[in-house]
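Quantities reported herein were computed from a predicted structural model and do not represent experimental measurements. The analysis underlying the following values was restricted to heavy atoms, covering all of them including side chains, and did not include hydrogens, waters or symmetry mates.
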Amino acid sequence: MKRFNFTRLLCCLAVAAAMLSAHAAGDANPKSGSPYDIIPIPAQIVASQGTYTLPAEGVKVFVQGAASSSLADYLKASALQASAEKSRSKANIAIVIGKKGKKPAPAEGYTLTITPKSIAISAATEAGAFYAVQTLLQMTQQGTLRTIDCCTITDEPRFPYRGLHFDVSRHFFSKEFLLKQIDAMAMLKLNRMHLHLTDAAGWRLQIDRYPRLTSLAAWRPAETWQQWCDGGNQYCEQTDPRAHGGFYTKDDIREILAYAEARHITVIPEIEMPGHSEEALAAYPEVSCDGSGKGSDFCPGKEATFQFLENVLTEVIDLFPSHYIHIGGDEAGKSKWKTCPDCQRRMKEEGLKDVDELQSYLIERIERFVNSKGRDIIGWDEILEGGLAPNATVMSWRGTSGGIKAIKAGHDVVMTPGEFYYLDHTQDAPFKEPVSIGGYGSLEITYNYDPADPSLSQDELKHLLGVQGNLWTEYVPTPEHAEYMYYPRAFAVAETGWSRAEDKDYSHFRPRAVALCAQMQKMGYNTFNLANEYGNRRESLAPVDHLAKGCKVTYNNPFSKQWPSQGATTLTDGILGGWTYQDHKWQGLLNDLDVVIDLGKLQDVHYVGASFMHLPGPGVFVPRMMEVELSADGKQYQSIGTVWNDIDDKIPNLLFKTFSLTCNRQARYIRVHAQNGKAFIFVDEIIVN
Ligand code: ACM
Ligand code: ZN
């Protein structure tokens with residue numbers, strides 16, 4: 001957004017000043033709707049004098065150049081309830097679609113001109129006109145505010161791919177829920193709905209050739225994902241009175257697709273392979289390595305597997321017009337492949353040196369099949385391991401490095417890094433939020449991520465298709481909870497995907513997000529309440545000073561290579577961790593923390609303490625005990641005591657435990673030893689006073 005166009009600003013200083021005073025960004029109850037309040041913020045806004053007032057009823061719209069009645073139908077059904085008008089001069093809103101002049105207009109771009117007399121929209125495509133209408137709908141607060149500020153908006157998206165992901169496997173969400181979210185996506189100018197249709201917890205798509213996928217694999221004798229895990233991951237027949245779950249029929253999907261298409265949203269289906277496929281194996285055991293139907297991975301050694309996957313994909317491709325077919329590819333365990341005779345034979349015949357190459361064999365073969373149907377595959381960044389299928393597009397989730405690597409290898413990429421764009425992470429202080437998978441992704445963290453990594457050249461950036469927010473639903477059992485996790489963070493994804501990087505400014509965005517949440521609540525969405533946001537762990541907000549700050553730490557047990565934080569200086573750098581170890585301020589260690597801090601000289605020591613994280617989901621536990629020993633010479637140590645953990649391992653919530661000991665001694669060396677003997681320890685600063 002050009003918030004101020006300086007030449008115009010000089011001419012229209014009075015107008016702009018009046019406008020700014022009337023509209024602090026995000027004013028919840030303005031007298032007139034402002035373009036400065038909308039999300040995503042437009043590329044260019046030129047303010048002009050006056051306002052335009054839409055009639056309370058009987059809005060008339062003139063549409064020229066549309067190939068179908070879709071836009072007119074949408075406007076009629078929208079909050080504006082605008083009916084078609086043949087005469088341009090009698091219309092309140094005039095929409096002209098089609099190419100103008102020599103310079104090709106951006107495909108999804110538009111110009112929206114609001115004068116005291118009329119509203120005019122021009123766009124090269126129907127999508128562009130549709131987005132102009134979305135801008136208008138937001139300015140009018142979904143039709144509830146009839147007076148809007150005069151201006152000219154010239155707008156276009158930064159990226160062609162602006163997505164939101166829906167995990168309908170871990171918990172099944174109804175067709176109606178998806179239709180409602182399509183409306184929210186359209187409002188935010190998001191244009192890709194990624195449906196994660198298959199995973200261990202349930203297969204969610206009718207496949208005519210394989211009815212067991214929906215008569216068995218879509219059902220479980222447990223309502224929530226957690227109960228299902230606790231009960232040993234059982235499936236049951238659809239007819240079982242205990243059955244929970246569901247699936248979309250092909251007619252349901254056709255309805256979703258038509259609704260999405262009218263809102264310029266492409267629905268991308270994901271069929272997971274070769275991992276995350278327990279439910280498919282349970283329904284069709286012949287595609288598992290040992291024929292038992294147990295395990296998570298399809299057997300890439302068997303031809304039956306390829307017949308199954310190709311038959312399924314044929315029906316998926318027949319149903320979904322999406323150019324991209326998502327084939328998953330993430331987190332395959334591959335362990336059975338190491339001993340399965342079929343897999344071993346395949347590896348020998350194909351000259352594959354390890355199971356990663358066997359996964360690549362499967363992905364490349366599936367890619368050839370999908371390509372033969374005129375479509376392309378997209379997959380999670382694990383598809384890079386063992387060699388990437390030649391035409392594949394990568395969805396980068398394990399940080400950003402996989403995406404950057406794929407771009408540099410000439411592949412198209414959608415950025416969806418877990419740290420910023422996993423909307424299943426808690427968005428506020430865990431003590432006030434529902435149990436989540438862990439992680440901390442506040443609106444600000446989500447907003448401030450920029451996908452254009454500085455290491456990418458202008459040419460390479462052409463392969464960056466865009467961004468997507470993902471909501472995995474292990475801990476999200478209801479539609480209300482899902483909306484709570486999506487909004488407002490989907491606003492941040494939308495603004496990053498649409499608006500210009502140089503216009504992003506969290507302090508301007510936040511009040512707009514507060515106002516849009518209020519608007520969405522009136523529309524019946526259950527959004528997070530930003531007004532009650534607590535923010536990050538207080539300890540992490542400012543550095544702490546203490547006796548050991550900057551002192552050397554020696555590790556008797558090395559820190560984890562995966563979670564080193566800042567390496568050997570982490571435990572005494574004065575920086576405390578936030579709500580997640582993904583902030584790189586917590587140090588990870590396997591089983592044991594055993595370190596010696598050298599204070600440099602003999603000092604009076606009265607307090608030694610450290611905080612630990614408890615998060616059972618990813619296997620992070622507070623140590624059973626922590627012992628502190630002091631020494632004057634680094635040879636003879638004396639214990640000042642041991643403290644024990646009293647947090648029950650089974651509590652699923654994120655918790656923190658500070659272990660501390662007090663004493664009145666002199667020492668130069670401090671040994672801190674903490675043990676849990678079974679999993680990851682994440683430790684914060686070791687504070688000595
Ligand atoms: C993923 O989160 N496993 C893609
Ligand atoms: Zn096998």
* Of all heavy-atom pairs between Gly329 and Glu382, which one has the smallest distance, and what is that distance? ->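 In this case the closest contact between Gly329 and Glu382 is O-CB, 3.3 Å.
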* Could you pull out the closest heavy-atom pair between Phe173 and Pro479, with the gap in Å? =>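 That would be CE2-N, 3.6 Å.
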Ring centres of [X] and [Y] under 6.0 Å apart?
| X | Y | result |
| --- | --- | --- |
| Phe656 | Phe612 | no |
| Phe680 | Trp586 | no |
| Tyr534 | Phe431 | yes |
| His194 | Trp380 | yes |

Check: [Y] and [X] side chains under 4.5 Å, non-hydrogen atoms:
| X | Y | value |
| --- | --- | --- |
| Leu571 | Glu685 | no |
| His463 | Ile407 | yes |
| Phe166 | Leu471 | no |
| Tyr607 | Ile687 | yes |
| Ile41 | Glu495 | yes |
| Tyr421 | Thr446 | yes |
| Cys663 | Val605 | yes |
| Ile404 | Met415 | yes |

salt_bridge([X], [Y]) N-O dist < 4.0 Å:
| X | Y | answer |
| --- | --- | --- |
| Arg489 | Asp424 | no |
| Asp354 | Lys338 | no |
| Glu385 | Arg398 | yes |
| Asp594 | Arg671 | yes |

Can a donor-acceptor pair be found between the side chains of [X] and [Y] at a distance below 3.5 Å?
| X | Y | answer |
| --- | --- | --- |
| Asp592 | Asn557 | no |
| Gln468 | Tyr161 | yes |
| Thr554 | Asn556 | no |

Given 3.5 Å as the limit, does a donor-acceptor pair link the side chain of [X] with the main chain of [Y], or not?
| X | Y | result |
| --- | --- | --- |
| Trp228 | Glu223 | no |
| Asp505 | Ser507 | yes |
| His244 | Pro221 | no |
| Asp297 | Lys334 | yes |
| Thr572 | Cys551 | yes |
| Lys180 | Gly524 | yes |
| Trp579 | Gly535 | yes |
| Ser396 | Gly399 | yes |

Give a yes or no on this: more than 12 heavy atoms of other residues, nucleotides or ligands lie within 6.0 Å of atom [atom1] of [X].
| X | atom1 | result |
| --- | --- | --- |
| Lys561 | NZ | no |
| Gln521 | CD | yes |
| Lys408 | NZ | yes |

* To do: Specify whether Phe509 and Tyr506 have parallel, tilted or perpendicular ring planes, treating 30° as the upper limit for parallel and 60° as the lower limit for perpendicular.
  =>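 Tilted: the ring planes of Phe509 and Tyr506 meet at 30° to 60°.
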* Asked: Parallel, tilted or perpendicular: which describes the rings of Trp472 and Tyr422, with under 30° parallel and over 60° perpendicular?
  ->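 Aromatic pair Trp472/Tyr422 classed tilted.
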* Only one of Phe491, Tyr487, Tyr486 clears ring pair (Phe, Tyr, Trp, His ring centres under 6.0 Å) with Tyr525; which? ->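 With Tyr525 as partner, ring pair (Phe, Tyr, Trp, His ring centres under 6.0 Å) holds for just one option, Tyr487.
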